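Written below as C-alpha cells is the structure these notes are about.
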Number of protein chains: 2
Amino acid sequence: MIESTPVSVDVLVLRFDPGARTVLLGVAPRAAEPFRGELALPGVLLGLGERLREAGTRAVVGKLGLPSAALTGIGQLRTFDEPSRDPRGPTLSIALWATANSAGEGVRWCTLDEVPPLAFDHNRIVADCAPLLADLLWRHVEFTAGLMGNGFTTAQALDATEALTGDRPYPANLGRTMERVPGLRRTAEHAAALPKGGRPPSLWRWD
Amino acid sequence: MIESTPVSVDVLVLRFDPGARTVLLGVAPRAAEPFRGELALPGVLLGLGERLREAGTRAVVGKLGLPSAALTGIGQLRTFDEPSRDPRGPTLSIALWATANSAGEGVRWCTLDEVPPLAFDHNRIVADCAPLLADLLWRHVEFTAGLMGNGFTTAQALDATEALTGDRPYPANLGRTMERVPGLRRTAEHAAALPKGGRPPSLWRWD
DNA sequence: CAAATAGTGTCTCTAAGACACTATTCC
DNA sequence: GGAATAGTGTCTTAGAGACACTATTTG
C-alpha cells in the first residue's frame with residue numbers, strides 16, 4: 001500500500017474592522033521551522049479522525065491566539081495539491097475560511113489587497129481563494145453573519161463589500177441585495193450619532 | 001506529532017449518452033473489502049506526492065476500467081470529513097468530477113435521479129455534489145466541453161441540462177445561454193438526418 | 001443655514017423565463 | 001399535405017447598476 005500524503009488545514013481568518021472600514025485577514029509569524037519567523041496563514045496538520053472545522057479552530061486558536069469564542073463561522077474553500085508546496089515533502093492543504101469578531105493579540109491583520117509575503121504557497125492560496133470569499137458575501141448566510149455580526153449599518157456593509165469584491169456598490173442597490181438575504185432585516189433602530197454629524201444610520205439585524 | 005488521516009479520492013464520472021438522452025454516472029462493484037461486491041464510486045487512496053487529478057484518473061482507470069484517453073476533464077468538488085464514513089477508520093474523501101466520452105465495459109451507468117445504494121457514504125456524496133455539478137454546466141468550460149464533446153445539437157444540450165438541473169429549459173433560452181459560453185458557437189453544419197423526420201439540427205462546436 | 005451622512009425613487013441593462021410563430025425535413 | 005422536429009421573435013420578469021433626489025443629523 002502506498003504511503004499517504006499528510007493533510008494540513010490552512011485558514012483564511014477574516015474580520016470586519018469598523019474603524020478601518022475594511023475586511024482584514026489574520027496572519028502570524030511561524031513559531032517553528034520551516035519558515036520560522038515568517039508570516040503565514042494559521043495552519044495545522046489534520047489529526048486522525050479530526051473534523052476539518054475542529055482542525056481549523058485549533059489552528060486559529062493555537063497559531064493566531066484568538067479565543068475559540070471569537071470564531072463566528074467556518075467553512076471549506078478548496079484544496080491545494082502541488083507536491084512542492086511544502087519543503088518538507090508533499091502535503092495537501094485544505095483551505096478553510098473562518099470569521100472572527102475580535103482582534104486578539106499578536107495577530108497581524110492585513111487587507112486582502114496588501115497581503116505581505118507569506119510562507120509556503122500561502123500568497124497563492126490567498127490569491128486563489130479571494131474570489132471565492134467575494135462570492136460568499138450576501139449569499140452564504142453563515143459567512144455573512146459571521147463577518148458582519150449583528151447590528152451593522154449600510155455604510156459598513158458597503159465597506160465590507162468593497163473590501164472583498166474590489167467594487168463599491170450603490171447604497172440603494174446593496175440595500176435591495178441585503179433585503180433578499182434570508183434572516184437579515186433592516187430594523188427601526190438607529191446607530192449612535194456620528195462624529196461629524198449626519199443622519200444616524202439604521203441597523204441591520206439577523207432574526 | 002499526531003497521526004494523520006488517510007485521504008481517498010472519490011470520483012463522480014459523468015457521461016452524456018445521446019441514445020438514452022441523459023447524463024449518466026459511472027459506478028462499479030468493489031473488488032475488495034470492505035463492501036466487496038457492492039456498488040461504489042471509483043476511488044483510491046491518494047499516494048504520497050500524487051496530484052488529485054492523477055489519483056482521480058487512476059481511480060477511474062483502475063476501478064471503472066475506462067481507458068485514460070476516455071477522460072475528457074477532471075476537477076474538484078468538495079471534501080467529506082465525517083470520521084465514521086469508512087468502517088476501517090477515519091478517512092477524508094475528496095470528491096472530484098470527471099467527464100468521459102465512452103462507456104467502457106463492466107461499468108454500471110445510472111442516472112443521477114436513480115442512483116442505486118452505494119458503499120460507504122457515497123450516496124450522500126452524490127446527493128451533496130449533484131447541485132455543484134448542475135452549477136458547472138454552461139458555466140465551467142472544461143466541464144461542459146468534457147461532458148458534451150464537440151459537435152452536439154440543441155436537443156442534446158436540453159437533455160443534458162434537464163438531467164443535471166431537473167428542469168428542461170426552453171430551446172431559445174438555452175441557445176442564448178450557450179452563445180454566451182466562451183469558445184462555444186453554433187455552426188452552419190447540420191447533424192445527420194433524424195429517424196422520424198424533422199428539420200435537421202445544427203451543430204454546436206468549440207473553437 | 002451649510003456640511004455631512006443616510007436613505008428613496010426610478011430609469012436602464014442584462015439574463016432568464018414563457019410562449020407563439022416560422023422553418024425544414026420524412027413519409 | 002401531415003407529422004415530427006428545429007429554430008426565431010418578442011413579451012415578461014428578476015436582479016444588478018446608475019444616479020438624481022429627499023431626509024436627518026451636527027455645528
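When reading the values below, keep in mind they use all heavy atoms of this one structure, side chains included, and skip hydrogens, waters and symmetry mates. Each chain gets a letter, A, B and so on, in the order its sequence line appears, and its residues count up from 1. Quick caveat: nothing in here was measured; it's all calculated off a predicted structure.
- By the side chain to side chain contact (heavy atoms under 4.5 Å, CB included) test, A/A130 is found to be paired with no residue, residues two or more places apart in sequence or in another chain being considered.
- Separating the NE2 atom of B/H190 from the C1' atom of D/dG7 is a distance of 10 Å, rounded to the nearest angstrom.
- With sequence neighbours excluded, the residues forming a side chain to side chain contact (heavy atoms under 4.5 Å, CB included) with B/A163 are B/T22, B/V23, listed by chain and number.
- A heavy-atom distance below 4.5 Å is found between the side chains of A/L14 and A/L25.
- Counting only residues at least two apart or on different chains, the side chain to side chain donor-acceptor pair (under 3.5 Å) pairs with a member in residues 96-115 of chain A are A/T72-A/T99.
- For residues 127-136 of chain A, the side chain to side chain donor-acceptor pair (under 3.5 Å) pairs, not counting sequence neighbours, are A/R124-A/D128.
- For B/S202, counting side-chain heavy atoms from C-beta on, the closest listed nucleotide (C/dG17, D/dC19, D/dG7) is D/dG7.
- Between A/K196 and C/dT5 there is a side-chain polar atom (N or O) within less than 4.0 angstrom of OP1 or OP2.
- Regarding B/R168, its CZ atom lies at a distance of 12 Å from the C1' atom of D/dA6, rounded to whole Å.
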Test side-chain contact (heavy atoms from CB on, under 4.5 Å) applied to B/T91 and B/R85, step by step: CA-CA 7 Å; B/T91 313; B/R85 51 175 302 284; 3.9 Å; yes
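- Under 4.0 angstrom from either OP1 or OP2 of D/dC19 there lies at least one side-chain N or O belonging to A/Y170.
- Here side chain to side chain donor-acceptor pair (under 3.5 Å) pairs that include residues 147-162 of chain B, with residues two or more places apart or in two chains, are B/R21-B/D159, B/W138-B/T161, B/T154-B/W204, B/D159-B/R168, B/E162-B/R168.
- Atom-to-atom, CE of B/M178 to P of C/dA16 comes out at 12 Å; the value is rounded to the nearest Å.
- Rounding to whole angstrom units, CG of residue B/D167 and C1' of C/dA18 are separated by 13 Å.
- Across residues 151-158 of chain A, not one residue has a non-hydrogen atom less than 4.0 Å from an atom of DNA chain D.
- Note on A/T177: every side-chain N or O is 4.0 Å or more away from OP1 and OP2 of D/dG15.
- Remark on DNA chain D: of its neighbouring residues B/L203 and A/R180, the 5'-side contact belongs to B/L203, judged by nearest-heavy-atom nucleotide.
- Applying the side chain to side chain donor-acceptor pair (under 3.5 Å) test to pairs two or more places apart or on separate chains, none has a residue in residues 59-69 of chain B.
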Polar atom pairs between nucleotides 8-12 of chain D and protein, under 3.5 Å, N or O only, would you list them?
{"from": "D/dT10", "atom 1": "O4", "to": "B/R176", "atom 2": "NH1", "distance (Å)": "3.1"}

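- With sequence neighbours left out, the ring pair (Phe, Tyr, Trp, His ring centres under 6.0 Å) criterion links A/F35 to A/F120.
- Near DNA chain C, defined here as any heavy-atom distance below 4.0 Å, there are no residues from residues 138-145 of chain A.
- With sequence neighbours left out, the side chain to side chain contact (heavy atoms under 4.5 Å, CB included) criterion links A/A145 to A/W206.
- Checked against side chain to side chain contact (heavy atoms under 4.5 Å, CB included), B/P131 has no partners two or more places apart in sequence or in another chain.
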